Each structure stands twice: as C-alpha cells, then as structure tokens.
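Keep in mind the model is a prediction, meaning the values are calculated, not measured. Below, chain A is the first sequence line, B the second, and so on; all start at residue 1.
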2 protein chains.
Amino acid sequence: MATRIAEKGRDAERTAADILAAAQHVFAIRGYADAKIRDITAMAGANPALVSRYFGGKLKLYAAALDAALDARLITDLDRATFGETIVARFVEDRTDRVQPLPIMMSGASDTEAREVARTLLHDRIFAPLSDWFGGEAAMLKAARFMIVSTGFFAYRDQLPLDMFGGPVDSALREWLVSEFQAIVDTP
Amino acid sequence: MATRIAEKGRDAERTAADILAAAQHVFAIRGYADAKIRDITAMAGANPALVSRYFGGKLKLYAAALDAALDARLITDLDRATFGETIVARFVEDRTDRVQPLPIMMSGASDTEAREVARTLLHDRIFAPLSDWFGGEAAMLKAARFMIVSTGFFAYRDQLPLDMFGGPVDSALREWLVSEFQAIVDTP
DNA sequence: CAGTTAAGTAAACGACGGTTTACTTAACTG
DNA sequence: CAGTTAAGTAAACCGTCGTTTACTTAACTG
C-alpha cells in the first residue's frame with residue numbers, strides 16, 4: 001500500500017510518489033468520480049493542496065497514475081508457450097505493490113474527461129501493442145478477446161466484488177483463466 | 001430511446017416512465033456519478049424536481065432503473081443447445097428499446113452507495129439464478145465465466161468504446177462470443 | 001546564526017449538482 | 001363556470017469537493 005514507513009523529512013519527490021501510489025489504489029477500487037482528493041492524500045499522509053501543486057489537478061493525477069501503472073513490462077517477457085500461465089500469475093499473484101492498469105482504466109469511465117484519457121491510453125499502450133504482438137490475420141480479435149476477459153475478471157475482483165472472486169482466486173476459476181488466455185495465442 | 005412522440009397531456013405515470021427510460025440509457029453509458037439528474041430529465045422532457053418526487057432521489061432512481069432492466073426474461077426461454085446464439089442475439093441484435101442490465105450495474109461502481117445496490121441485485125437477479133440454471137458441480141464457475149465475458153464485452157461496447165466494438169459488432173467477434181457462451185453450457 | 005528557499009498546511013473560495021420550496025397551470029368534478 | 005386537486009415548473013438552497021491563497025515551518029547556505 002506504500003504506506004509511509006517512518007517519519008520522513010520534507011521530500012517533494014517522495015511525497016509526490018506517495019500520492020501517486022495512493023491514487024492508483026483509490027482510483028482502481030472506487031472509480032474516478034468517487035475517488036476524493038482528500039481520501040487519496042489522507043492515505044498518502046499528505047495535504048490535499050499538493051495534488052494541484054505537484055500534478056496540476058485531479059485529471060492529471062489520474063493520467064499520471066494510469067501512466068505509471070502501464071509500465072513497459074506488458075509485452076516483454078511474454079512467451080507464447082506459457083502465455084496463459086504468465087498472464088494469470090501477473091494478474092492474481094502479484095504480491096508487489098503494483099496496481100493493475102485495467103481497473104484504473106475502467107475507473108475512468110465514470111467521468112467524461114477521464115474517459116477520454118483512459119480510452120487513448122488503453123488503445124495506445126495495451127490494445128495496439130498487444131495486437132501487434134499477437135500478429136496475423138486475427139490480431140485485433142485476439143487483442144479484443146484478451147481485453148474482454150481481463151476486464152471482466154477485474155470488474156468482479158476489484159469493482160463489484162462477487163463472493164467467489166474475493167481473497168485468493170478460486171482455483172477452478174484460475175485454471176479457466178489460464179486456458180482462456182492460452183487459447184488466444186493458440187488460435188490460428 | 002423512448003423519446004416523447006407527441007405532446008402528451010399531464011400524466012404522472014407516463015412522465016415517470018419516461019424518466020426511468022432515460023435514466024437507463026444515461027446510467028448505462030455515462031456511469032452513475034457522471035449521470036446528472038438534469039441530463040436525464042432533459043432527455044425525458046421532464047423537470048429535474050420530479051426525480052425526487054416520483055422516485056425519492058437519485059439513488060432510488062438508479063435502483064428502479066436497474067430493477068426495470070432486470071426483467072424476468074433472463075433465464076426463461078433458454079435452451080442448452082442454442083445458449084450461445086441466443087445470448088449473443090439478445091446482447092447485440094436487440095433492436096427494442098431495451099437497455100441491458102449489465103452496463104447499468106457496472107455504472108454503479110462509481111459510487112459507494114450505488115455499488116451496494118448493484119452488487120445485491122447482481123447477485124440475486126443474475127448470478128444466483130444463472131448458477132441455478134447451469135446446475136451441477138461447476139455451476140458457480142460457469143456463472144462467473146458468463147459474467148466475466150458479458151461484462152467485458154459491454155465495457156468496451158458501451159463504456160470505454162474501442163474501435164472494433166462500435167456499430168454492428170464485428171462478425172468474427174460475434175462468432176467468438178457465441179462459441180464462448182456455448183462452451184460454458186457444454187462444459188461437463 | 002541570519003537569511004533564503006522550498007515544502008507543507010489550514011482555511012477559504014467557488015462551481016457543480018441533488019434536493020426543496022413556493023408557485024403556476026392544466027385537468028377534472030359537480 | 002367555480003373550485004379543487006394533482007402535475008409540472010423555476011428558482012433558490014445547501015452540501016460536497018477540487019482548487020487557490022496566504023501563511024507557517026523545516027532545511028539548507030554562507
């Protein structure tokens with residue numbers, strides 16, 4: 001959760017990073033509109049005014065949070081033989097503080113301006129590169145399949161939690177997800 | 001769109017129905033938080049104050065809109081042999097004014113109170129009955145699979161539109177959806 | 001240590017939007 | 001047609017929340 005460990009001296013860079021990390025969490029589970037600046041900064045142990053100072057406002061903070069979640073790792077280190085397993089491991093067993101980009105994207109749907117930010121980044125940073133990586137005739141369809149399944153999964157894990165998604169993901173569900181993602185790359 | 005056809009006399013029932021229909025559309029595509037009472041009533045050709053009078057406020061209007069979208073037709077008329085085709089036909093070729101319940105549900109994720117309303121109705125009116133209908137050992141998993149794919153599809157069709165989802169759904173995507181839903185019932 | 005600068009804060013501001021209120025008007029009733 | 005009631009409206013109200021401002025305080029510099 002990137003909670004402040006010890007009392008820190010005055011460090012703008014560190015404070016901005018704390019705010020960004022808190023923003024990722026709050027945006028991801030509460031939605032853009034319901035994510036209050038005061039909540040985010042409280043979680044980061046910072047002052048609300050600093051959002052405007054360091055990021056230029058809520059919308060820019062959202063864009064920064066999304067951008068940071070979209071690190072370059074998405075496509076690299078992907079192997080076609082173990083695609084499904086790799087993806088699912090990243091989705092459900094990532095024990096780092098990393099916040100998944102897709103829930104943050106969906107969260108932007110609750111605001112007209114944030115939606116445009118999300119749409120653009122979604123296309124440029126996930127859909128297009130993924131489509132390129134799949135390649136071939138059905139590349140776009142494969143990318144769409146990936147997005148549909150991933151987004152549906154996160155929707156019920158993070159946003160509208162259903163009982164069976166809580167805690168450690170049910171093993172049968174996990175198995176299905178693996179085969180589902182693997183089937184995408186295995187499709188001719 | 002349930003647009004007012006002709007000038008109507010004063011008819012509270014009709015006005016309430018118009019507001020409800022407009023609410024379904026606006027909630028579905030804009031999200032609960034971004035759906036303004038003034039927008040909804042403008043679309044219905046009604047006065048904003050009537051939402052409080054007829055429905056008891058925005059949250060209650062949301063609950064009513066969701067409830068109305070969840071008609072009883074969900075499970076009835078489903079045949080295991082043609083499950084996939086039937087579902088997809090309902091999702092993408094429904095030319096009635098009917099608004100799909102799932103986008104309205106997802107829309108509730110952008111507000112703390114609306115989320116609870118959505119979660120409860122989602123479970124009681126879709127997940128549980130569907131799980132019952134599937135039956136057997138893996139009933140819950142099957143219901144989860146159905147929800148994941150449906151929700152992902154609507155997310156990109158209605159909320160964060162990607163290029164390939166716009167207009168008439170791409171035929172390859174449609175075909176995949178059919179096989180995906182059919183595979184759920186065909187799984188032992 | 002005095003002086004300067006950057007970091008951080010508290011409080012106020014202002015817009016937005018759901019709701020309430022006081023009022024107007026259409027429809028019905030006898 | 002007079003009188004009553006329900007439907008509808010315009011405007012004001014008020015809480016919330018992002019943002020701005022004026023201020024305080026910590027850290028560094030010579």
**Prompt:** In residues 55-62 of chain B, which ones come under 4.0 Å of DNA chain D, going by heavy atoms?
**Reply:** none
**Prompt:** Residues two or more places apart in sequence or in another chain: which of them pass salt bridge (charged side-chain N to carboxylate O under 4.0 Å, His left out) with Glu116(B)?
**Reply:** Arg119(B)
**Message:** Please convert DNA chain C into dot-bracket. A pair counts if it is Watson-Crick or G-U wobble with both distances under 3.5 Å; crossing pairs go in [ ] and bases paired with another strand get |.
**Reply:** ||||||||||||||||||||||||||||||
**Fill in**
Testing dG8(D), dT20(C), dA10(C) for proximity to the side chain of Ala49(B), the answer is dT20(C)
**Request:** Quickly work out the Asp11(A) CG to dC28(D) P distance and round it to whole Å.
**Result:** 10 Å
**Item:** Whole-Å distance separating the CG atom of Leu50(A) from the P atom of dT19(D)
**Value:** 13 Å
**Message:** My understanding is that only residues two or more places apart in sequence, or in another chain, count here; which of them pass side chain to side chain contact (heavy atoms under 4.5 Å, CB included) with Ile29(A)?
**Reply:** none
**Request:** Report the distance from atom CZ of Arg38(A) to atom P of dT9(C), rounded to the nearest whole Å.
**Result:** 14 Å
**Asked** For Thr112(A), which residues count as a side chain to side chain contact (heavy atoms under 4.5 Å, CB included) partner, sequence neighbours excluded?
**Response** Arg115(A), Asp34(B)
**Message:** I need the CG-C1' distance between Asp34(B) and dC16(C), as an integer number of Å.
**Reply:** 12 Å
**Asked** Roughly how many Å is it from CD1 in Ile37(B) to P in dG15(D), rounded to a whole number?
**Response** 19 Å
**Request:** Would you mind telling me which of dT20(C), dT21(D), dG18(C) lies closest to the side-chain atoms of Ser52(B)?
**Result:** dT20(C)
**Complete:** Applying salt bridge (charged side-chain N to carboxylate O under 4.0 Å, His left out) to Asp186(B) and not counting sequence neighbours gives none
**Request:** Considering just the side-chain nitrogens and oxygens of Thr15(A), establish if one lies under 4.0 Å of OP1 or OP2 belonging to dA7(C).
**Result:** no
**Item:** Value in whole Å for how far the P atom of dG18(C) lies from CD1 of Ile40(B)
**Value:** 8 Å
**Nearest-0.5 Å distance that lies between atom CD1 in Ile19(B) and atom CE in Met43(B)** = 12.5 Å
**Request:** Only counting residues at least two apart or in another chain, list the ones meeting side-chain hydrogen bond (donor to acceptor under 3.5 Å, both in side chains) with Arg174(A).
**Result:** Glu85(A), Glu93(A)
Going by atom type alone, with no hydrogens or angles, which donor-acceptor pairs under 3.5 Å involve a side-chain atom of residues 129-149 of chain B and a protein atom two or more places apart or on another chain?
from      : atom 1 : to        : atom 2 : distance (Å)
Lys142(B) : NZ     : Thr187(B) : O      : 2.7
Arg145(B) : NH1    : Thr187(B) : OG1    : 3.2

**Whole angstrom value for the distance that separates C1' of dT9(C) from CD1 of Ile19(A)** = 13 Å
**Message:** Once salt bridge (Lys or Arg N to Asp or Glu O under 4.0 Å) is applied, what residue pairs with a partner in residues 42-63 of chain B remain, sequence neighbours excluded?
**Reply:** none
**Request:** With the side chain of Lys36(A) defined as its heavy atoms from C-beta on, choose the nearest nucleotide among dG8(C), dT20(D), dG18(D).
**Result:** dG18(D)
**Prompt:** If you check every side-chain atom of Tyr54(A), which of dG8(C), dA10(D), dT21(D) has the closest atom?
**Reply:** dG8(C)
**Item:** Contact nearer the 5' end of DNA chain D, comparing Asn47(B) with Asn47(A)
**Value:** Asn47(B)
**Asked** Taking only residues two or more places apart in sequence or in another chain, which ones pass salt bridge (charged side-chain N to carboxylate O under 4.0 Å, His left out) with Asp67(A)?
**Response** Arg125(A)
**Item:** Atom of Ala114(A), atom of Tyr62(A) and distance for their closest heavy-atom approach
**Value:** O-CE2, 3.7 Å
**Item:** Distance in angstrom units between Asp111(B) CG and dG17(C) P, rounded
**Value:** 14 Å
**Message:** If the condition is salt bridge (charged side-chain N to carboxylate O under 4.0 Å, His left out), which residues does Glu175(A) pass it with, not counting sequence neighbours?
**Reply:** none
**Prompt:** Which part of the nucleic acid, if any, lies within contact of Ala33(B), taking any heavy atom under 4.0 Å across all strands shown: a base, the sugar-phosphate backbone alone, or nothing?
**Reply:** nothing
Please enumerate all protein N or O atoms sitting under 3.5 Å from an N or O of nucleotides 22-25 of chain D, with distances to 0.1 Å.
from    : atom 1 : to       : atom 2 : distance (Å)
dT25(D) : O2     : Arg10(A) : NH1    : 2.8
dT25(D) : O2     : Arg10(A) : NH2    : 3.2

**Request:** Can you label the angle between the Phe165(A) ring and the Phe153(A) ring as parallel, tilted or perpendicular, going by 30° and 60°?
**Result:** tilted
